[in-house]
Undergrad: 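One structure, pasted below without further comment.
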Amino acid sequence: MLWLGICLFLLGSTQSAPVGPDDQYQIGTGIADVTGPAAEINMMGYAKLGQDTSGIHLRLFCRSVVVVDNIGNRILYITADLQGIAQILKIEVVKALEAKYGDLYHHENVLISATHTHSGPGGFFQYLLYIFTTEGFITDSYQDIINGILTSVDRAHNNLKPGNIYWSEGELTDSSANRSPAAYENNPKEEKDKYKYNTDKTMNVLKFTDLNNKPLAMVNWHAVHCVSMNNSNTLISSDNKGFASLLMESDYNAGQLPGKGPFIAIFSQANEGDSTPNTAGARCIDTGAPCDFITSTCHGKNEKCVAFGPGKDMFDSTQIIARKQYQKAKELFEGNSQTKLKGPIQYIYQNIDMSNYEVKLSDNKTVKTCKPALGYSFGAGTTDGEGASMFQQGTHVGEEPKFWDFVRNLITTPTKEITDCQSPKAILLPVGEMTFPYQWAPNLMPTQLLRIGDVVIAGLPGEFTTMSGRRMRDAITKAFADNGQKVKVTLSGLANTYSNYIATYEEYQMQRYEGGSTMYGPHTLQAYIQQFTYLANNMAKQTRVTPGPVFPNLLKDEITLKPGVVLDAPKIGHKFGDVLTNPKDTYHKESEVKVTFVGAHPRNNAKLDSTYLTVEKLNENNKDWDVMATDANWETKFVWRRTNAVLGYSEVDVIWNIPANAQNGKYRIRYFGDHKNILGHISPFTATTNTFQVVSTFYY
Ligand SMILES: *[C@@H]1O[C@H](CO)[C@@H](O)[C@H](O)[C@H]1NC(C)=O
Ligand SMILES: *[C@@H]1O[C@H](CO)[C@@H](O)[C@H](O)[C@H]1NC(C)=O
């Protein structure tokens, strides 16, 4: 009785007397830059050696929304333009927020998710599997992200204002295609028959406004991979979702440069595991013939089977898929079928050990998840970006290439336990059994639900396939319905920790890339469904759950083999910032300006919330220069290249594709660099080109 009394007191003490009606919320929004090192860092996503950053097309941003209900319950929803949310990011962000804001923000009410761009610098993960191609942990990459996330949260925290929240939903049918139909097809026929498409076309939108219904923010969820930029790209890019954000933000932030707010548009992921933006499909690049359906190979070679986007090149494909998402999101955001949210905010959270989770199947049989392992199919990669040429998708246990089994055994031999548990996966990397020099893959997974009124956001710690996500959404909806509550469930993929893929049991049997990358074995999805059902039941009943085991923090164990910048030097006869190629005198709109400077290494200064370049136009007063574009604009590219590694020479190109709607006038381009001398001192410099005229195309 005493304990019950204390518990009731604790529960009661978090709630204060209502402030305002229950359909009014306090809303805070913030955006900040998480771009990271723009040169010589392997990109996170394709795991392709040599795909190292060499400049910026689009900057990476982190966007945060704080929502507080009328009795003081609070959630913080964050989405960053990153490949995934490393567990260490969640750990350290929450730690910093707790130090700064006390008990306002904690693991349970903070959800951090990623857009899944494959074109950002890597090295910010604590598990070795994810920092293999970056040659270890990259401190500046990690630190820039942490700083950016925290800055965006500070901004959101500090501009809370009363407002309204609206929900709408629709379908976007032409932005995605299934890249593993052979696996999808293996799902039960009755289940497939319920759906018209083999990817999830759902788009859910939350609209945040002030009390006068002036837009403050948009969050939407739609399942499509951010792999419009392919593995040949080395310019940092936020890919289709990041550009969709910029397009929508520019509509509501008239005259603002990218990333400056105040309106923010978040394009979050959902169940995009098997959903590709490369809608023109895969084909054999040598013959043009279709690839093998089961293995995605062409005459036995996986690297010959490549999927293409709808555009003429990857930039064009990126903007096409971005515009589709932006247009649909905006249509829903401004449409008439909005439901106003009302009711309290809730959250529930628990860490679970996914390497050893007991699952009760529908026939009451009990099975367990497995220690994490990746299959040969993982090694093969996908039609969106090939893996190693000696592997292929659809490799089952017993079908391993013997030579590579032999090589793998030199490094580590999977135990019988993990081999049996993961069957029919043919194990390439038994990461759960690999602990040298430290842990390779996570065992603990965060599971989380956030709720605003009748909308429930499920934080999924990985890449759920189309059907996995549908089963999850149905299970959560049903759990609430069993408690007499009608809710809308939206899936927020790639949340809180990255753990590769989650395929259905039936898809797992096919061992395509997604099945081969389902780390905790054939019952991974069912384990999550059971866990999220448990969370949903507890949320509906307003009962608490234990937080579960605490994540390990491996920061002190991290190693790096990647050297930092040694020094910069201008080439003989020059100084930093010298203009090597000046612009011509006159350009027509929709043509390209390209200038070249004596450069220095971008890692000396990431220019967060700033820029390496500006495109400036002479003001009507004939005196001041107005900044028309930065390195975060679609129409600019900042390209860095080493010209002599020993002597530390480098060059920078700035490219400006003059938009059709640019103003006529006199322009110049500037470059802002920082060079490092042999003693490690870093000094800024600024370079400015000659001026040039921009004229209308029909001028002549
Ligand atoms: C990537 O896209 C470019 C076009 O922008 C194309 O030339 C190239 O073949 C593509 N590479 C792959 C591996 O898809
Ligand atoms: C599973 O167990 C429950 C009770 O524990 C029972 O009601 C149900 O019929 C069982 N299902 C099967 C398929 O045996």
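Bear in mind that the values here come from a model prediction, so they are computed numbers and not experimental data. For ligands, and for the atoms within them, numbers begin at 1 and follow the listed sequence. Numbers here are sequence positions counted from 1.
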Undergrad: Which is it for Ile285 and ligand 1 at heavy atoms under 4.0 Å: side chain, backbone, both or neither?
TA: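 No part of Ile285 comes within reach of ligand 1.
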
Undergrad: I need the minimum non-hydrogen distance between Arg471 and Asn187, along with the two atoms involved.
TA: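 Minimum heavy-atom contact is NH2-OD1, 3.4 Å.
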
Undergrad: Within a 6.0 Å radius of atom NZ on Lys301, are there more than 12 heavy atoms belonging to other residues, nucleotides or ligands?
TA: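 Open: at most 12 neighbouring heavy atoms sit under 6.0 Å from NZ of Lys301.
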
Undergrad: Looking only at distances, please establish whether an N/O atom of ligand 1 is found under 3.5 Å from an N/O atom of Met314.
TA: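 N/O-N/O distance under 3.5 Å: yes.
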
Undergrad: Heavy atoms of the protein only: does one fall short of 4.0 Å from atom 14 (O) of ligand 1?
TA: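 Protein heavy atom within 4.0 Å of atom 14 (O) of ligand 1: present.
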
Undergrad: Please name the residue in the list Lys241, Gln269, Glu463 that meets the side-chain hydrogen bond (donor to acceptor under 3.5 Å, both in side chains) test with His225.
TA: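 Of Lys241, Gln269, Glu463, side-chain hydrogen bond (donor to acceptor under 3.5 Å, both in side chains) with His225 is met by Glu463 alone.
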
Undergrad: Under 4.0 Å from any heavy atom of Asp313, which atoms of ligand 1 are there?
TA: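 Once the distances to Asp313 are compared, the set is 4 (C), 5 (O).
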
Undergrad: Using a distance threshold of 4.0 Å (strictly less than), state whether atom 11 (N) of ligand 2 has a protein heavy-atom neighbour.
TA: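 Within 4.0 Å of atom 11 (N) of ligand 2, protein heavy atoms are found.
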
Undergrad: I'd like to know if the two cysteines, Cys291 and Cys298, have SG atoms within less than 2.5 Å.
TA: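 Cys298 does not pair with Cys291 as a disulfide (SG atoms not under 2.5 Å apart), so no.
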
Undergrad: Out of all atoms in ligand 2, which are within 4.0 Å of some heavy atom of Ser362? Include the element for each.
TA: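 In order of number, 13 (C).
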
Undergrad: Could you tell me the residue and atom name of the protein heavy atom closest to atom 9 (O) of ligand 1, and the distance to it rounded to 0.1 Å?
TA: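 Protein heavy atom with the smallest distance to atom 9 (O) of ligand 1: Phe308 CE2, 4.4 Å.
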
Undergrad: Hey, is atom 4 (C) of ligand 2 touched by any protein heavy atom at less than 4.0 Å?
TA: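 Under 4.0 Å from atom 4 (C) of ligand 2, zero protein heavy atoms found.
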
Undergrad: Passes salt bridge (Lys or Arg N to Asp or Glu O under 4.0 Å), Lys304 versus Glu386? Steps please.
TA: CA-CA 9 Å; Lys304 296 280 186 231; Glu386 81 283 0; over 6 Å; no

Undergrad: Which of the atoms of ligand 1 are close to Ser232, meaning less than 4.0 Å from one of its heavy atoms?
TA: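 Reading through ligand 1 atom by atom, the close ones are 1 (C).
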
Undergrad: Check this for me - ligand 1, Asn230, N or O atoms closer than 3.5 angstrom, yes or no?
TA: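 Min N/O separation from ligand 1 is below 3.5 Å for Asn230.
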
Undergrad: Does any N/O atom on Lys360 come nearer than 3.5 Å to any N/O atom on ligand 2?
TA: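 There is no such contact.
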
Undergrad: Go through ligand 1 atom by atom and flag the ones less than 4.0 Å from a non-hydrogen atom of Asn231.
TA: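 Listed by number with element: 13 (C).
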
Undergrad: Under 4.0 Å from a heavy atom of Val306: give me the atoms of ligand 1 that qualify, with their elements.
TA: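 Every atom of ligand 1 under 4.0 Å from some heavy atom of Val306: 14 (O).
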
Undergrad: Do the ring planes of Phe125 and Tyr130 sit parallel (below 30°), tilted (30 to 60°) or perpendicular (above 60°)?
TA: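 If you compare the ring of Phe125 with that of Tyr130, the planes turn out tilted.
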
Undergrad: Answer yes if the ring centres of Tyr520 and Tyr357 are under 6.0 angstrom apart, and no otherwise.
TA: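 Centroid distance Tyr520-Tyr357: not below 6.0 Å, so no.
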
Undergrad: With atoms numbered from 1 as shown, which atoms in ligand 2 lie under 4.0 angstrom from a non-hydrogen atom of Asn364?
TA: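 Counting atoms of ligand 2 from 1, those under 4.0 Å from Asn364 are 1 (C), 2 (O), 3 (C), 8 (C), 10 (C), 11 (N), 12 (C), 14 (O).
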
Undergrad: Answer yes or no: is there a side-chain heavy-atom contact under 4.5 Å between Lys562 and Thr134?
TA: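 Side-chain contact under 4.5 Å: no.
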
Undergrad: Using a strict cut-off of less than 4.0 Å between a Lys/Arg side-chain nitrogen and an Asp/Glu carboxylate oxygen, indicate whether Lys189 and Asp193 qualify as a salt bridge.
TA: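 Asp193 and Lys189: salt-bridged.
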
